[in-house]
Amino acid sequence: MNNFNEIARSIAKDAVQYAAQNGTTLDYTRESVENVDMFLETFHDSLDSYEGDKGAKTLWNAAVLFGTYIGETLLRCGLAEKGFVWVEDDGLPVLSIPGSETSASPITKAHKRILNGAEDSLKSFVDVVFSVVNGEWPKTGVLRVPDVETASGEKTERIVLKETDYYISLVAEGKEDFVIFKSHDGFFQFYGVGDQFVCEAWFHLNGRRAYALINPDCADTRRVDLVTPFGRYTPRKRDIISLEQLETAVHAYFSNLEEADFLAKVPYEKMEM
């Protein structure tokens with residue numbers, strides 16, 4: 001990916017020139033990210049005109065162009081000083097410190113911005129990236145943006161709260177055995193079917209901790225059978241929560257960036273490691 005570090009500046013320059021030809025100024029400042037948001041909104045507003053493989057390729061090329069600009073802006077605004085460079089992750093250029101698990105994928109985010117519209121704001125993405133790398137975790141106003149992995153092997157980067165309903169439905173309808181939301185500090189996972197689910201939250205910063213989410217209205221700790229289309233499990237009865245409780249827990253996970261804030265919103269018991 002060393003070659004991409006060399007050509008990324010040229011790609012970003014092309015983005016600046018392309019935007020300028022269309023009346024939008026990009027000057028590698030954090031403020032200019034809002035201009036990229038507005039510019040990509042024009043692609044989103046005309047998605048119907050990008051049909052078939054040719055249309056999909058055009059939109060992806062736009063994401064590469066402006067995602068690279070966002071990446072170069074992040075580097076110029078402080079990430080380069082912290083050791084970030086372009087590295088390869090499954091064939092896609094992302095920003096990361098070599099040897100670390102912290103990374104950001106501006107190209108993927110730009111593509112989502114085009115496809116999903118304002119809900120995948122690039123400004124919010126950039127704000128979250130700086131919050132992560134600077135250790136400045138705001139308690140309100142910013143949602144978690146974890147990656148997701150399913151039992152069948154599907155992996156999607158940086159989903160937002162609105163997308164969680166889809167992944168919950170996959171498990172509820174028996175189409176997936178489990179789903180895992182992976183974030184910077186651990187992961188949230190759940191399995192089950194219908195209206196019965198078991199959930200765990202694991203946190204890895206400053207030590208490893210795990211929590212079982214529980215039904216606060218149930219005090220029964222006996223083991224019971226939980227049968228799903230993919231297998232039989234024996235959780236404690238109070239560990240089985242409803243679909244409504246699962247949705248509430250997932251919302252709390254995405255809406256609270258710190259472990260303590262999340263735990264304050266959900267009934268749980270600490271798991272023995």
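Treat the numbers as computed from the prediction; the structure is a model and nothing was measured.
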Quick check on the 6.0 Å ring-centre criterion: do F262 and Y211 meet it? no
Practice item. Tell me yes or no: between the side chains of Y253 and T164, is some donor less than 3.5 Å from an acceptor? Key: no
### Query
Does a side chain donor of either T29 or D27 reach within less than 3.5 Å of an acceptor in the other side chain?
yes
Taken in chain and number order and not counting sequence neighbours, the residues that satisfy side-chain contact (heavy atoms from CB on, under 4.5 Å) with D37 are R113, S121, L122, K123
Note: W86 and P106 closest approach over all heavy atoms is CH2-CG, 3.8 Å
T25 and N35 have their tightest heavy-atom pair at O-ND2, 2.9 Å
In terms of heavy-atom contacts, L26 and V16 come closest through O-CG1, 3.6 Å
Checking L75, L79, N5 against V85 for side chain to side chain contact (heavy atoms under 4.5 Å, CB included), the one that qualifies is N5
Q) Under 3.5 Å, is there a donor-acceptor pair between the side chain of K112 and the main chain of E157? A) yes
Q: Examine distances only and state if a side-chain atom of T42 and a backbone atom of M38 form a donor-acceptor pair shorter than 3.5 Å.
A: no
Keeping E176 on the side-chain end and A151 on the backbone end, is there a donor-acceptor pair under 3.5 Å? yes
**Request:** Group every Ile, Leu, Val, Met, Phe, Trp and Tyr by side-chain heavy-atom contacts under 4.5 Å, then state whether F181 and V266 land in the same group.
**Result:** yes
Is it possible for you to check whether R158 lies under 6.0 Å from the centre of the six-membered ring of F125, through NZ or CZ, and within 45° of that ring's axis?
-> no
